[in-house]
There are 2 protein chains.
Amino acid sequence: MNMERTWKDQLYQEQARIGKCLSSPKRLEILDLLAQGAKSVEVLSRGTGMSVANVSQHLQTLHEARLVRYTKKGTFVIYELADAAVSNFMLTLHRLCEQQLVEIKRIRTEFTQHHASAEPISLDVLVDRLERGDIFLLDVRPREEYETDHIAGAISIPIEQLEKHLSSLPINMDIAAYCRGPYCLMSAQAVEIINARGLKAFRLEEGVHEWRQFAEQRS
Amino acid sequence: MNMERTWKDQLYQEQARIGKCLSSPKRLEILDLLAQGAKSVEVLSRGTGMSVANVSQHLQTLHEARLVRYTKKGTFVIYELADAAVSNFMLTLHRLCEQQLVEIKRIRTEFTQHHASAEPISLDVLVDRLERGDIFLLDVRPREEYETDHIAGAISIPIEQLEKHLSSLPINMDIAAYCRGPYCLMSAQAVEIINARGLKAFRLEEGVHEWRQFAEQRS
DNA sequence: ATTGTATTCAATTGATTAATTGAATAGTTG
DNA sequence: CAACTATTCAATTAATCAATTGAATACAAT
């Protein structure tokens, strides 16, 4: 008959519902994809490399925790993050992981050494050069994600179309490419493709959300 | 031989390590307790109502995710949050839960109705009245937690000693009591005790961390 | 109506997980 | 050194979870 205990248990039980969503690598990946823009189950399935039924199941878990919501478009079900707060939360989570888990740093730097060709550019340098009109910024994500939100001044050329549109890149200016964020390799690929053409390109690790937050703090 | 897939899987696997820590109600409760100050395994065991062995096990999970660290003091092992970032993160998580999960609001308001006697005071009103020296602020948490950090100007009278020290409360001034935060009932108990004595007391739901963040944003 | 496509549902499997128990360790005190 | 205390370890159990499979919906286009 300890009602304080049952009360606390209930509250933490509920909180854990959101926690459980973050305990599966695949669900984290789904959340990250959705942070870039609304997507159908099938698109998420292709993006994460898991079966449609499996994704659907994960999405239901996420929906029960009110982290995502959906709208039906004909036979499609379009999922999106339930609120901007969820996307901000994911950013905080990534920061915490990055800071606390040495393993993540290791995995990341291991990659950077392997792809030494993709020279990095930091967010503040990029913003600076963008303001001076001194750099050409390329968004290589799928068009819909660019349309959902993008870094101000960025031009959209989805990675699959990059080879075709290389000629539309400026030859007298440095180029920077970005994609979904640090765990996405599209920008690195883009840099390789561009560099192979003899142009100078940098890789911006950050994505739209990191940029938005950076821009807000500055003002 | 899709190395991009394995790379992503590795990264999300690591992130999920932190996520897993948040998927158990009991671990969330441990983290909340530690956010108030360093504690031994036994103290955590009493505070959460679970067995020592079980707490120890959870603490190891938290330690593997680098969310907590420990120092040995004689035969005691004193655990604490690994970094202030962890405590900030918990605050963000609570906010998200509060915002997204209707159930939590329901459980909370159900309680407030039951304990209608504990009149609430909001953080901004309290801070205002504190600055004008217009209110007496009581910290009813255990002394060590008060010593770890407390709202500036608060006086420490741990809840168990409150009845004994009722005489040291001002009679010509309103009183506010606070404790660990919204999921802790000590401040509500305190208000009942004080009100029973004919003094006017309010309950502040927020804890030190909420106050610190509020104070920072204001400046 | 029929076919096709996107999604969900339900049942099954193997893998993890949380809590319990009792023993083991390690430091402290008499 | 013996007794004690705080903590961890290891083994067990029941419960929960993730992924797979195949069937069921539900809407759209022909």
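Computed from heavy atoms alone, side chains included, the values below leave out hydrogens, waters and symmetry copies. Lettering of chains follows the sequences in order, A, B, ..., and the numbering in each one begins at 1.
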Given atom [atom1] of [X] and atom [atom2] of [N], what is their separation to the nearest angstrom?
X: A/Leu59; N: C/dC9; atom1: CG; atom2: P; answer: 12 Å
X: A/His58; N: D/dA19; atom1: NE2; atom2: C1'; answer: 8 Å
X: B/Arg27; N: C/dA19; atom1: CZ; atom2: C1'; answer: 12 Å
X: B/Leu62; N: D/dT7; atom1: CG; atom2: P; answer: 15 Å
X: A/Asn54; N: C/dT12; atom1: CG; atom2: P; answer: 18 Å
X: A/Ile30; N: C/dT7; atom1: CD1; atom2: P; answer: 13 Å
X: B/Asp9; N: D/dA18; atom1: CG; atom2: P; answer: 15 Å
X: A/Tyr79; N: C/dT7; atom1: OH; atom2: P; answer: 9 Å

Find which nucleotide of DNA chain C each of B/Thr61 and B/Ala53 is nearest to by heavy atoms, and output the residue with the more 5' nucleotide.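 Looking at DNA chain C, the more 5' nearest nucleotide goes with B/Thr61.
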Kindly indicate whether the side chain of A/Leu33, heavy atoms from C-beta on, has any atom under 4.5 Å from the side chain of A/Thr48.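 A side-chain contact under 4.5 Å exists here.
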Is A/Tyr70 close to A/Leu59 at the side-chain level, that is, under 4.5 Å between some pair of heavy atoms?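 Contact flag for A/Leu59/A/Tyr70 side chains = no.
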Quick check, are the ring centers of A/Phe89 and B/Phe89 under 6.0 angstrom apart?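 Yes, ring centres under 6.0 Å apart.
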Look at the side chain of A/Thr75 and decide which nucleotide, out of D/dA28, C/dA11, C/dT20, has an atom nearest to it.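 My answer, after comparing the listed nucleotides, is D/dA28.
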Among the nucleotides D/dA19, C/dT8, D/dT8, which one has an atom lying closest to any side-chain atom of A/Met50?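 Closest nucleotide among those given: D/dA19.
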SB check [X] [Y] (cutoff 4.0 Å):
X: A/Glu103; Y: B/Arg17; value: no
X: A/Glu145; Y: A/Arg180; value: yes
X: A/Asp9; Y: B/Lys26; value: yes

Proximity to DNA chain D (any heavy atom under 4.0 Å), residues of residues 35-42 of chain B only: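 Those residues are B/Ser40, B/Val41, B/Glu42.
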Do any of residues 12-23 of chain B sit with a heavy atom less than 4.0 Å from DNA chain D, and if so which?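 Residues of residues 12-23 of chain B under 4.0 Å from DNA chain D: none.
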Let me confirm one number: the CG-CD1 distance from A/Asn54 to A/Ile30, rounded to the nearest 0.5 Å.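 Between A/Asn54 CG and A/Ile30 CD1, I get 7.5 Å after rounding to 0.5 Å.
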Please classify the nucleic acid contact of [X] as base, sugar-phosphate, or nothing, using heavy-atom distances under 4.0 Å.
X: A/Lys72; answer: nothing
X: B/Val77; answer: sugar-phosphate
X: A/Gln60; answer: sugar-phosphate

Over 60° means perpendicular and under 30° means parallel, so classify the ring planes of A/Tyr183 and B/Tyr12, tilted if in between.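 Rings of B/Tyr12 and A/Tyr183: perpendicular, over 60°.
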Mapping A/Lys26 and B/Ser56 to their closest nucleotides on DNA chain D, which lands nearer the 5' end?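 Closest to the 5' end, via its nearest nucleotide, is B/Ser56.
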Under 3.5 Å, which donor-acceptor pairs do the side chains of residues 71-78 of chain A form with other protein atoms, sequence neighbours left out?
none

Checking only heavy atoms, does the side chain of B/Gln57 share a donor-acceptor pair with the base of C/dA19 at less than 3.5 Å?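 Between C/dA19 and B/Gln57, which were checked side chain against base, a qualifying N/O pair under 3.5 Å is present.
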Distance-only donor-acceptor check, side chains A/His209 and A/Asp149, under 3.5 Å: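 Looking only at side-chain atoms, A/Asp149 and A/His209 do not form any donor-acceptor pair under 3.5 Å.
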Would you say C/dA6 has OP1 or OP2 under 4.0 Å from some side-chain N or O of A/Tyr70?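 A/Tyr70 to C/dA6 OP1/OP2: no side-chain N or O under 4.0 Å.
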